[in-house]
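Heads up: the structure comes next, in structure tokens.
Given the structure is predicted, the values throughout are model-derived calculations rather than measurements.
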Amino acid sequence: ITNMSHSVYLFRHIQTNQVINRSLRQLETVARPTHLRKDLWRPLVAITGFNTSQSAQAVSDALLQRSKVRQLEFKTSPEHLSRRKSQRQVDEKDLVEKSVVSLREALESVTPKHFSNNNAKLLALWEQPRFLEMKGEAQEWPAFIEHGQLELKNNRFVSASNNSSSA
């Protein structure tokens, strides 16, 4: 995978569907690294090809902000509050689809400001193709995104195959 130093990663918990967002800078600068159990956490998507670490960080920050807003709206919605607490807790942890929609929105709003070359493309490497389709109803991925398959071995990055689809 090229240009790994300027990337954004989303990891998902395979049991609860919780999602964490990390840029490589965050992974490198943490004094005490976050321990992710390899048997429970898997990469959801790796976004590579950012020109600078600032552009990757800007997407990461925008994604975090959108995710917080979306989660707050969800937690305070009347239909959510009418459910039993045990069911609300399960629903609040199920963040995969919400995170993919937030990622698309973050890329649309932040990335064009950080691209100096109109022909530049970002590569989104997905653990599973079904996650790519969670972009939101009647929404499309930005034209500057190409999608590929993230190949894992023992839940570790091995390689990427580019499908060259910008859908």
Side-chain angles (χ1 to χ4, degrees), residues 1 4 6-27 30 33-50 53-77 79-81 83 87-114 121-152 155-157 160 163 165-167:
I1 301 173
M4 288 294 286
H6 306 310
S7 302
V8 174
Y9 304 93
L10 292 174
F11 293 90
R12 71 177 178 91
H13 193 282
I14 62 172
Q15 294 173 336
T16 64
N17 277 335
Q18 290 173 288
V19 174
I20 57 171
N21 165 20
R22 293 286 185 258
S23 66
L24 191 60
R25 186 179 81 162
Q26 288 172 316
L27 293 174
V30 174
T34 305
H35 177 70
L36 298 179
R37 283 186 49 183
K38 293 179 183 102
D39 60 333
L40 295 178
W41 289 92
R42 291 206 173 151
L44 172 67
V45 63
I47 309 290
T48 64
F50 292 98
S53 60
Q54 291 84 5
S55 59
Q57 190 63 47
V59 168
S60 183
D61 293 345
L63 173 59
L64 181 61
Q65 181 63 28
R66 280 175 170 67
S67 294
K68 284 181 178 179
V69 168
R70 183 166 271 114
Q71 190 69 353
L72 180 63
E73 288 172 355
F74 178 72
K75 284 182 176 182
T76 58
S77 70
E79 56 273 3
H80 178 66
L81 292 173
R83 302 180 88 171
Q87 186 59 44
R88 287 196 317 254
Q89 290 173 332
V90 170
D91 292 344
E92 289 169 6
K93 290 180 181 178
D94 187 5
L95 298 175
V96 172
E97 187 168 356
K98 294 177 189 102
S99 296
V100 172
V101 171
S102 294
L103 174 64
R104 181 192 48 78
E105 292 171 352
L107 287 167
E108 285 177 339
S109 68
V110 174
T111 307
K113 300 171 192 169
H114 292 276
K121 297 271 187 184
L122 295 179
L123 181 58
L125 303 170
W126 298 90
E127 176 204 7
Q128 297 177 23
R130 68 183 174 100
F131 297 133
L132 168 65
E133 301 303 320
M134 295 180 175
K135 63 190 177 295
E137 288 188 33
Q139 298 294 324
E140 294 298 325
W141 288 98
F144 55 84
I145 303 288
E146 291 183 352
H147 301 279
Q149 178 70 40
L150 185 62
E151 296 179 30
L152 305 174
N155 294 335
R156 294 181 187 266
F157 298 105
N163 296 341
S165 67
S166 52

*CD1/Ile47 to CG/Leu125 distance, rounded to the nearest 0.5 angstrom?*
7.5 Å
*asked:* Working to the nearest 0.5 angstrom, can you tell me the gap between Arg70 CZ and Glu73 CD?
replied: 7.5 Å
*Out of curiosity, Trp141 CH2 to Leu103 CG, how far, rounded to the nearest 0.5 Å?*
4.5 Å
*Ring geometry between Phe74 and His80 (parallel below 30°, tilted from 30 to 60°, perpendicular above 60°)*: tilted
_Student check: side-chain heavy atoms of Arg66 and Ser109 closer than 4.5 Å_ = yes
*Taking every non-hydrogen atom, the tightest pair across Ser60 and Asn21*: O-ND2, 3.0 Å
*What's the spacing between His13 NE2 and Ile20 CD1 if we round to 0.5 Å?*
10.0 Å
*asked:* Within this structure, what is the CZ-NE2 distance for the pair Phe131 and His147, rounded to the nearest 0.5 Å?
replied: 14.5 Å
*Side-chain heavy-atom pair Lys93, Asn17 within 4.5 angstrom cut-off*: no
*Could you give the distance from CG (Asp94) to CD (Gln89), rounded to the nearest 0.5 Å?*
14.0 Å
*Could you tell me whether a side-chain N or O of Arg88 sits under 3.5 Å from a main-chain N or O of Arg83, the two making a donor and an acceptor?*
yes
*Is there a donor-acceptor contact under 3.5 Å from the side chain of His6 to the main chain of Gly49?*
no
*So, do Ser67 and Lys98 sit near enough that their side-chain heavy atoms are less than 4.5 Å apart?*
no
*Does Gln15 use its side chain to pair, donor to acceptor, with the backbone of Leu40 at less than 3.5 Å?*
no
*With a 4.5 Å limit on heavy-atom distance, are the side chains of Ser102 and Gln65 in contact?*
no
*Do the non-hydrogen side-chain atoms of Leu150 and Pro43 ever get within less than 4.5 Å of each other?*
yes
*Nearest heavy-atom pair of Ala62 and Val110: which atoms, and what distance?*
CB-CG2, 3.4 Å
*Locate the shortest heavy-atom distance separating Thr48 from Ser7; write the atom from each residue and the value.*
CG2-OG, 3.4 Å
*asked:* If you define the side chain from C-beta out and look only at heavy atoms, does anything of Val100 sit under 4.5 Å from Leu44?
replied: yes
*Decide yes or no for Arg104 and Val101: does some side-chain heavy atom of the first lie under 4.5 Å from some side-chain heavy atom of the second?*
yes
*Do Val59 and Leu122 have side-chain heavy atoms sitting under 4.5 Å apart?*
no
_Closest non-hydrogen atom pair between Glu92 and Gln71, with its separation_ = O-NE2, 2.7 Å
